[in-house]
Number of protein chains: 2
Amino acid sequence: MSGTDQGRGGHPVTMRDVAKAAGVSVATVSHVVNDKPGARIGDDTRKRVQDAVAELGYRPNALAKTLSQGSSRFIGLVADAIATTPFAGQIIHGAQDEAWKHGYVLLVANTEGNPGVENDAIAMMLEHQVLGILYSTWFHREIAVPEALHQTDTVLVDCFADGSGLPAVVPDEEQGGRTATEELLAAGHRRIAFLNTTTPSPAQSGRLAGYRTALESAGIAFDERLVLPAVPEQEGGYAATPGVLASGATAVFCHNDRVAMGLYDGLRENGLQIPADIAVVGFDNQDVIAAHMRPPLSTVALPHYELGAAGVRVLLGLEGDVETVRVACPPVRRQSV
Amino acid sequence: MSGTDQGRGGHPVTMRDVAKAAGVSVATVSHVVNDKPGARIGDDTRKRVQDAVAELGYRPNALAKTLSQGSSRFIGLVADAIATTPFAGQIIHGAQDEAWKHGYVLLVANTEGNPGVENDAIAMMLEHQVLGILYSTWFHREIAVPEALHQTDTVLVDCFADGSGLPAVVPDEEQGGRTATEELLAAGHRRIAFLNTTTPSPAQSGRLAGYRTALESAGIAFDERLVLPAVPEQEGGYAATPGVLASGATAVFCHNDRVAMGLYDGLRENGLQIPADIAVVGFDNQDVIAAHMRPPLSTVALPHYELGAAGVRVLLGLEGDVETVRVACPPVRRQSV
DNA sequence: CTGAAAGCGCTAACAT
DNA sequence: ATGTTAGCGCTTTCAG
């Protein structure tokens, strides 16, 4: 291999070392290393420098660079629950990819919703001169903005704070609800139950609104008795089975995939086939389950990756100065409809 | 609120500003801000400085600090799949918490296993003067170490590379397999089937070894016909149902929770009750499913959080100079046994 | 007890 | 076409 693998042991190779080795000044090295636009460097000199760089295994010190340039290449991401859900990971991933694409690096902090930790995390990011901070939650909700966030540019991801003036990137719950319902409508169903969550949230109201809109567009009267409450877990879906059976629905839109999973069990116990006897669509497109249920669950995806990516785009000012960005929730068709 | 909220707009408050405001030198400010051990600073001076800091809303510039100190407070974490699994998130979380505890900050990079991205990520970390790198995978396996990793301290997390000399932190698969089996043994089962994965891996061989050990310790002869192959997904578990029924087993240890989930379906279709008719244990303790199956699944947890945390401890030299750290997989008792 | 000054690795005018 | 020279914000001897 080439290079002397400096970096371990003796001090790291600096620009000055390269300059000395190439017999030029550090300014010259800086110019060739950064491929400066208006940099008139002789071909031979350039080559000498490049050789020295390769020879010594030189690596620029990003910290020194940002210090002298004044602007850093960090973007902070504070998340409330990296661990407890598969969702946060997708947000990180999207943010990561997008940041990278623009030459930025993510500084991630997990706070588990603890305000103390949250403040420390934000402080740490500020001390690292982040360009701005993405504040994200693992499920879509309204939040109280931590005071410290006002000290830098902030964009809210998967959450919002009305009146805070902070831009927010959130999933389009209403469109999602509409989409889910339309999938069922398209399959010919007219009597569609909606197993909605019992927890007040943008998801609860948004998806319901979407459900109604879809129905109306199809010329079907909204029937309140078709929207059934369910604790948003497998247990809730299972428990709701008698209700959906009694409702006479031929299809059901579940608040999320876990509810659908519970409902599958309940339906199966009653000898019903999906989708022959009754169709089911979920919401979230949760990896571990949706694709592997029997039959694989048709659902609507929560666009976490996109939320993260859009978040950094907004932070970088690439989306204009929007107030709220709503990201679409696309349908994922499998075999339960 | 106190402080003038500098940091937005006009240039950030520097140490020099504080010094000027307090009528002292920057050296003095540095001393009081960092609470330097051998720092003889008069009480009044100290207070003047502290007041100025509060007044101006001064924040130390972490980048400048590390530049002048030479050593950075960054630890890199490169992961192959933040997005596709809930597991990686736990590793990050554990690493994050532990790093934080020691005053370090995590630089996370997701590579999706792409070698090109991987190299860029490592380069970026090196340029940011990380103290070392945690290289992690989302499932336990042997890897080929990227060349670039040799340029800094590295610890492998949830993977290993024999002969590389790099320390590795991995789950104790054998103990896990033993534990799972023992849970069944303890419930009185003697004829225990093992639905093992068809994919060669430390998990495949380790868990099998643990299963055998547990059986032997209980004085039960190993019966090859009881270990059945299963694709490590719900589908595999479902498909294996006839086999376990034919085996005459009264309990089954599944290679992972998803297999158990599929098996649940298969068993239920055959009118079998869990655990009355047949007991089931899984492996992984996968959040979204294990706790919510009916009945909730007893399983063995993959200690991802601990892997991440132990990884940084090893990197910081807090664990002595170990070669391989095996982290225990604890049983999680629910209601399927 | 406090301040002056050198320097960390790099960039960016400004000279040459 | 290349070199000189200031800094960037902070730490750290070393004087006073």
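Below, chains carry the letters A, B, ... as their sequence lines are ordered, and counting in each starts from 1.
Dashed line: the shortest gap from a side-chain N or O of B:Lys36 to OP1 or OP2 of D:dT11 is not under 4.0 Å. Remark: A:Ser30 is not in phosphate contact with C:dC10, judged by side-chain N or O atoms under 4.0 Å from OP1 or OP2. Not one side-chain nitrogen or oxygen of B:Ser25 sits closer than 4.0 Å to the OP1 or OP2 atom of C:dT2.
Across the protein-nucleic acid pair, A:Arg46 atom CZ and D:dT2 atom P stand 9 Å apart, rounded to whole Å. Atom pair B:Asn34:CG and D:dT11:P shows a separation of 5 Å (rounding to whole Å applied). In this structure, A:His128 places its NE2 atom 13 Å from P of D:dC10, rounding to the nearest Å. Rounded to whole angstrom, the span from the CZ atom of B:Arg48 across to the P atom of C:dC1 amounts to 15 Å. Rounded to an integer number of Å, the gap from NE2 of B:His31 to C1' of C:dA4 is 13 Å.
Checked against the 6.0 Å centroid threshold, B:His128 and A:Phe74 count as a close aromatic pair.
If A:Arg16 and B:Val24 are placed on DNA chain C by their nearest nucleotide, the residue sitting closer to the 5' end is B:Val24.
Across D:dT2, D:dT12, C:dC10, the shortest atom-to-atom separation from the side chain of A:Thr28 is found for D:dT2.
When heavy atoms are screened at a 4.0 angstrom cut-off, B:Thr14 is found touching the sugar-phosphate backbone but no base atom.
Under the 3.5 Å distance criterion, with hydrogens and angles disregarded, a donor-acceptor pair is assigned to the side chains of A:Tyr135 and A:Glu118.
More than 12 heavy atoms of other residues, nucleotides or ligands sit less than 6.0 Å from atom CZ of B:Arg59.
Looking at residues 58-75 of chain B, you'll see B:Leu67, B:Ser68 sit with a heavy atom under 4.0 Å from some atom of DNA chain C.
For B:Asp43 and B:Arg48, the salt-bridge test fails: no basic side-chain N is under 4.0 Å from an acidic carboxylate O.
Under the salt bridge (Lys or Arg N to Asp or Glu O under 4.0 Å) criterion, B:Glu319 pairs with B:Arg313, not counting sequence neighbours.
Rounded to the nearest 0.5 angstrom, B:Ile133 CD1 and B:Leu126 CG are separated by 5.5 Å.
Checked by atom type and distance alone, the side chain of A:Ser136 never pairs as donor or acceptor with a backbone atom of A:Asp158 at under 3.5 Å.
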